[in-house]
Amino acid sequence: MVSKNIIVSSVLGIHLRPAGAMSEEAVKYDSSINFEYGVGKTANAKSVISILASGVKCGEEIKLICEGSDEEEALEAVSSKFIQALEDD
């Protein structure tokens, strides 16, 4: 299992574009890919609905967690794609 903390920098928080970018990249990997937010809450990074339902706001932190055969590659790719989508706002 590998993880990375990410601060949501978009003034809009997690909205459709970064959620779509995250899930679009995450489905390419065999690993389980989720993120933790708030107190004990998790979202499936392969599901746009799950990501949007998290309601993460600007300035909040998520912990992206990948577990599986391609976890390190998945963590780097998914986090990069997600961060880039947040910065495009």
Side-chain angles (χ1 to χ4, degrees):
M1 181 179 80
V2 293
S3 65
K4 181 176 188 172
N5 291 340
I6 301 170
I7 301 289
V8 176
S9 59
S10 169
V11 296
L12 301 173
I14 296 180
H15 56 93
L16 187 56
R17 191 167 29 78
M22 179 185 275
S23 66
E24 182 179 291
E25 192 64 27
V27 297
K28 297 177 183 177
Y29 297 92
D30 292 330
S31 292
S32 169
I33 307 172
N34 298 291
F35 66 87
E36 294 177 351
Y37 64 98
V39 179
K41 299 177 185 175
T42 61
N44 178 354
K46 294 183 179 185
S47 165
V48 173
I49 300 297
S50 183
I51 298 166
L52 289 173
S54 71
V56 175
K57 309 264 186 268
C58 180
E60 294 180 349
E61 184 175 66
I62 67 168
K63 181 178 183 179
L64 186 62
I65 302 166
C66 300
E67 187 170 5
S69 59
D70 53 2
E71 62 189 23
E72 290 188 21
E73 182 183 355
L75 181 68
E76 190 55 41
V78 174
S79 64
S80 294
K81 189 87 162 189
F82 179 63
I83 291 167
Q84 181 62 48
L86 289 171
E87 291 173 350
D88 286 346
D89 279 346

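Owing to the predicted nature of the structure, the values given are computational and were not obtained by experimental measurement. Throughout, residue positions are numbered sequentially from 1 according to the sequence presented.
No chain of hydrophobic side-chain contacts below 4.5 Å, direct or via other Ile, Leu, Val, Met, Phe, Trp or Tyr residues, connects Val56 to Leu52. When the side chains of ILVMFWY residues are joined at heavy-atom separations under 4.5 Å, either directly or via intervening members, Ile65 and Tyr37 end up in two distinct hydrophobic clusters.
Considering only heavy atoms from C-beta on, Met22 stays 4.5 Å or farther from Lys46 through its side chain. You'll find the side chain of Ile51 reaches within 4.5 Å of the side chain of Ser23, heavy atoms only. Residues Ile14 and Phe82 are in side-chain contact: their nearest non-hydrogen atoms beyond the backbone lie under 4.5 Å apart. Looking at heavy atoms from C-beta onward, Leu12 lies out of side-chain contact with Cys58 at the 4.5 angstrom threshold. Proximity of Ser50 to Val48: side-chain heavy atoms (C-beta onward) are nowhere separated by under 4.5 Å. Side-chain contact between Phe35 and Lys63 is absent, with no heavy atoms from C-beta onward closer than 4.5 Å.
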Arg17/Asp88 under side chain to side chain contact (heavy atoms under 4.5 Å, CB included): CA gap, chis, key distance, verdict: CA-CA 9 Å; Arg17 191 167 29 78; Asp88 286 346; 3.5 Å; yes
Stepwise side chain to side chain contact (heavy atoms under 4.5 Å, CB included) test for Lys41 and Ser54: CA-CA 8 Å; Lys41 299 177 185 175; Ser54 71; over 6 Å; no
Worked verdict on Ser32 versus Asn34 for side-chain hydrogen bond (donor to acceptor under 3.5 Å, both in side chains): CA-CA 7 Å; Ser32 169; Asn34 298 291; 3.1 Å; yes
Stepwise side chain to side chain contact (heavy atoms under 4.5 Å, CB included) check, Ser31 with Glu71: CA-CA 6 Å; Ser31 292; Glu71 62 189 23; 3.8 Å; yes
Worked check of side chain to side chain contact (heavy atoms under 4.5 Å, CB included) between Val78 and Cys66: CA-CA 10 Å; Val78 174; Cys66 300; 5.6 Å; no
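Between the CD1 atom of Ile62 and the CD atom of Glu60 there is a distance of 10.5 Å, given to the nearest 0.5 Å. Taking CD of Glu76 as the start and CD of Glu25 as the end, the distance is 10.5 Å to the nearest 0.5 Å. With values rounded to the nearest 0.5 angstrom, Lys4 atom NZ is found 8.5 Å from Leu64 atom CG.
Crowding of Glu61 atom CD: a count of heavy atoms from other residues, nucleotides or ligands under 6.0 Å exceeding 12.
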